[in-house]
A.B. asks: 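Let me give you the structure first, and then I'll get to my questions.
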Amino acid sequence: MKGGNEGREWQVGYTNERVLVTGGAGFIGSHLCERLLAGGAEVLCVDNYYTGRRDNIRHLLADPKFEVLRHDVTFPLYTEVDRIYNLACPASPVHYQFDPVQTTKTSVMGAINMLGLAKRLKVPILQASTSEVYGDPAVHPQPESYWGNVNPVGIRSCYDEGKRCAETLFFDYHRQHRVQIKVVRIFNTYGPRMHPDDGRVVSNFIVQALTGQPITLYGEGTQTRSFCYVDDLVDGFLRLMNTDAEVTGPINLGNPDEFTMRELADLVQELTGTASTVVHKPLPADDPRQRQPDIAQARAMLGWGPKVKLREGLGRTIAYFDRLLSKAPRVADVVQLSA
Ligand code: NAD
Ligand code: UDP
Ligand code: UDP
């Protein structure tokens, strides 16, 4: 990759542009919609609510520049926009393994349709790819040049191979049809508006800690992940979208601070002050043992680096779940009321 906006002070500056965000009612998508609107863009949020929720975007609905369309990206979409962010795809292992065929269809057919749209409109398109393209990585930390270690027939394959095929399609549309592409490989991202039941480690541990349930540590808890706060990630998306046409990625975005799942459990226990204790559960199949992004390219090309430390981001996320859970009726209350 060459070019980029190295050294430039980045500004939002999207006024008058119409931006399509697929998966816009999801966790990351809703934050992206919010940031784009704050920058003056008109936003078309497309979602089929498979894992996303109306509550994630409810606060944006009154904005006349915000439009929502219920639509499944595996079907063609004819509309007029100036930029596309393609985020539609379930992201948590529990959700993407629930209907694995649909997961692959969403990644592959969704990519074809959104690339077809970008090709017709001659507009740039950003793809939310994933660190899962590296599988259970044999190289550590993972640079973009690493081709990965992926099981093509396992329970994670619908997601990993779907996302890999989507990357292939993005680069072929770029080479064959000169579509302007921006491919970002996202490493574990967390923050407010994660789905409380999506089974991801950060939401699981926090919800368990806040509701007094045991904290479920899979395996010995020695596997590692590197957690990026959602605001940092969205900032990276916007910077990448604003780069020159020749900047395509793939580019890693994530926080290189690496933690074992045991350390994460300890931190959640400390920050919530919970009495919940850790219980060990079996490690799921093909669970990557380690994951840490090499973000040298993002630093050089985008002048980007994560700002929010895990302790601070977890604090904000705990506060979100605390509010969310205090609004939801407890089962005991419902039983009492209906008695
Ligand atoms: P999410 O599940 O909260 O959001 C995904 C959104 O896509 C949801 O609103 C869902 O309803 C929508 N969707 C799913 N299938 C669809 C379809 N066929 N048509 C239209 N909409 C559909 O997950 P997220 O964490 O916000 O992830 C957003 C994107 O980022 C995904 O593409 C995911 O693969 C990628 N990503 C996320 C992470 C992470 O740690 N959160 C890591 C790597 C990659
Ligand atoms: N497509 C879409 N919106 C558009 C243009 C295309 O959804 O504005 C879909 C189209 O239905 C097709 C896919 O994108 O299935 C790929 O389009 P492309 O032009 O690459 O392929 P073709 O139409 O030639 O098969
Ligand atoms: N994990 C865990 N307890 C949970 C949920 C997940 O120990 O309740 C572990 C999981 O085995 C994995 C890590 O936490 O090693 C991250 O899992 P997550 O599903 O959040 O993301 P991914 O595996 O896709 O990185």
Side-chain angles (χ1 to χ4, degrees), residues 21-32 45-53 56-57 69-80 85-96 99 102-103 105-107 109-121 127-133 156 159-160 162-163 166 169 173 176-177 179 184-191 193-195 198-205 207-208 215-228 230 233 253-254 260-262 264-265 278 280-284 286-291:
V21 179
T22 76
F27 156 51
I28 297 173
S30 62
H31 286 273
L32 176 61
C45 165
V46 164
D47 207 295
N48 69 349
Y49 301 109
Y50 183 62
T51 52
R53 290 171 299 159
N56 287 343
I57 50 170
L69 176 67
R70 180 192 282 266
H71 173 81
D72 182 329
V73 294
T74 60
F75 295 97
L77 175 68
Y78 286 81
T79 185
E80 311 303 316
Y85 290 85
N86 186 37
L87 274 66
C89 186
S92 88
V94 169
H95 285 156
Y96 70 65
D99 185 351
Q102 179 63 20
T103 299
K105 280 186 187 171
T106 293
S107 272
M109 293 161 69
I112 292 173
N113 288 326
M114 291 309 107
L115 283 161
L117 179 65
K119 176 184 140 197
R120 178 175 66 78
L121 299 175
Q127 166 67 357
S129 190
T130 169
S131 54
E132 285 286 321
V133 301
R156 294 177 86 102
Y159 184 73
D160 300 10
K163 289 283 189 180
L169 285 160
Y173 267 79
Q176 196 175 331
H177 299 301
V179 173
V184 44
R185 291 183 178 155
I186 305 167
F187 284 66
N188 295 64
T189 297
Y190 71 99
R193 300 196 206 122
M194 292 182 88
H195 198 296
D198 77 3
R200 282 188 268 197
V201 69
V202 172
S203 42
N204 263 13
F205 283 4
V207 170
Q208 289 160 346
I215 295 176
T216 53
L217 190 57
Y218 300 162
E220 290 303 308
T222 51
Q223 70 273 35
T224 68
R225 294 292 185 274
S226 308
F227 297 101
C228 184
V230 64
L233 181 79
L253 290 182
T260 65
M261 293 310 97
R262 161 62 74 179
L264 181 71
V278 166
H280 288 271
K281 298 262 177 175
L283 194 64
D286 294 341
D287 199 271
R289 282 158 296 178
Q290 52 183 5
R291 190 182 287 153

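Order of appearance sets the numbers: ligands from 1, and atoms from 1 within every ligand. All values below were derived from every heavy atom in this structure, side-chain atoms included, with hydrogens, water molecules and symmetry-related copies excluded.
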A.B. asks: Enumerate the atoms of ligand 3 whose separation from the nearest heavy atom of N188 is less than 4.0 angstrom.
C.D. replies: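 Listed by number with element, the hits are 21 (O), 22 (P), 25 (O).
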A.B. asks: Determine whether the side chain, the backbone, both or neither of D287 has a heavy atom under 4.0 Å from any heavy atom of ligand 3.
C.D. replies: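 Within the 4.0 Å criterion, D287 contacts ligand 3 through side-chain atoms alone.
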A.B. asks: I need the atoms of ligand 2 closer than 4.0 Å to a non-hydrogen atom of I112, numbered in the order shown.
C.D. replies: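 The atoms of ligand 2 under 4.0 Å from a heavy atom of I112 are 13 (C), 14 (O), 16 (C).
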A.B. asks: Consider ligand 1: state whether an atom of it lies below 4.0 angstrom from any non-hydrogen atom of Y159.
C.D. replies: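 Contact present.
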A.B. asks: Just heavy atoms, cut-off under 4.0 Å: does K281 contact ligand 3 by side chain, backbone, both, or neither?
C.D. replies: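 Neither; no heavy atom under 4.0 Å.
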A.B. asks: Take every heavy atom of Y173, measure it against each atom of ligand 2, and state whether any distance is under 4.0 Å.
C.D. replies: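 Judged by the 4.0 Å heavy-atom criterion, Y173 does count as contacting ligand 2.
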A.B. asks: Would you kindly specify which portion of S129 sits under 4.0 Å from ligand 1, judged on non-hydrogen atoms: side chain, backbone, both or neither?
C.D. replies: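 It is the backbone that touches ligand 1; the side chain stays farther off.
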A.B. asks: Consider ligand 1: state whether an atom of it lies below 4.0 angstrom from any non-hydrogen atom of H71.
C.D. replies: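 Distance cut 4.0 Å: H71 passes for ligand 1.
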A.B. asks: Which of the numbered atoms in ligand 1 are under 4.0 angstrom from any heavy atom belonging to R200?
C.D. replies: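 Once the distances to R200 are compared, the set is 23 (O), 25 (O), 39 (C), 40 (O), 41 (N).
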A.B. asks: With a 4.0 Å cut-off on heavy atoms, does K163 reach ligand 1?
C.D. replies: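 Under 4.0 Å: yes for K163.
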A.B. asks: Does at least one non-hydrogen atom of C228 fall below 4.0 angstrom from an atom of ligand 1?
C.D. replies: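 No, C228 has no heavy atom closer than 4.0 Å to ligand 1.
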A.B. asks: Is D47 close enough to touch ligand 1? Criterion: a residue heavy atom under 4.0 Å from a ligand atom.
C.D. replies: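 Right, D47 reaches ligand 1.
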A.B. asks: Go through the steps to decide whether K163 and E132 satisfy the test salt bridge (Lys or Arg N to Asp or Glu O under 4.0 Å), and finish with yes or no.
C.D. replies: CA-CA 8 Å; K163 289 283 189 180; E132 285 286 321; over 6 Å; no
A.B. asks: Is ligand 3 under 4.0 Å from a heavy atom in the side chain of N204, in the backbone, in both, or in neither?
C.D. replies: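 Contact part for N204 vs ligand 3: side chain (C-beta onward).
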A.B. asks: Below 3.5 Å, N or O to N or O, backbone or side chain included: is there any such pair between L77 and ligand 2?
C.D. replies: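 Min N/O separation from ligand 2 is below 3.5 Å for L77.
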A.B. asks: Does S92 have a heavy atom less than 4.0 Å from any atom of ligand 3?
C.D. replies: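 S92: no contact with ligand 3 (<4.0 Å).
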A.B. asks: Taking both backbone and side-chain atoms of Y96, is any N or O found less than 3.5 Å from an N or O belonging to ligand 3?
C.D. replies: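 In this structure, Y96 places no N or O atom under 3.5 Å from an N or O of ligand 3.
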A.B. asks: Considering only heavy atoms, does H195 approach ligand 1 within less than 4.0 Å through its side chain, its backbone, both, or neither?
C.D. replies: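 Answer for H195: neither.
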A.B. asks: Applying a strict 4.0 Å limit to heavy atoms, is A25 in contact with ligand 1?
C.D. replies: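 Yes; A25 lies near enough to ligand 1 that a heavy-atom distance drops under 4.0 Å.
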A.B. asks: I'd like to check whether R200 has a polar contact with ligand 3, where a contact means an N/O of the residue lying under 3.5 Å from an N/O of the ligand.
C.D. replies: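 So ligand 3 has no N or O lying under 3.5 Å from an N or O of R200.
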A.B. asks: Considering the heavy atoms of I186, write down every atom of ligand 1 situated less than 4.0 Å from one of them.
C.D. replies: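 Checking each atom against I186, I get 30 (O), 35 (C), 36 (N), 38 (C), 42 (C), 43 (C), 44 (C).
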A.B. asks: Considering only heavy atoms, which of H177, M114, K119, R120 lies nearest to atom 8 (O) of ligand 2?
C.D. replies: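 The option holding the nearest heavy atom is R120.
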A.B. asks: When you measure from the side chain of Q127 to the backbone N and O of A111, does any donor-acceptor pair fall under 3.5 Å?
C.D. replies: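 Not at all, since once roles are kept as given, no pair shorter than 3.5 Å links the two residues.
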A.B. asks: So which protein heavy atom does atom 22 (P) of ligand 3 come closest to, and at what separation?
C.D. replies: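 Here the nearest protein heavy atom works out to R156 NH2, 3.4 Å.
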A.B. asks: Which one of D198, V201, L217 has a non-hydrogen atom at the shortest distance from atom 17 (O) of ligand 3?
C.D. replies: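 Closest candidate by heavy-atom distance is V201.
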A.B. asks: Go through it in stages, so that I can follow the logic: the residues are V94 and H195, the test is side chain to side chain contact (heavy atoms under 4.5 Å, CB included), and I'd like the CA-CA distance, side-chain angles, deciding distance and then a yes or no.
C.D. replies: CA-CA 11 Å; V94 169; H195 198 296; over 6 Å; no
A.B. asks: Backbone, side chain, both or neither: what part of Y49 comes under 4.0 angstrom of ligand 1, heavy atoms only?
C.D. replies: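 The part of Y49 near ligand 1 is the backbone, not the side chain.
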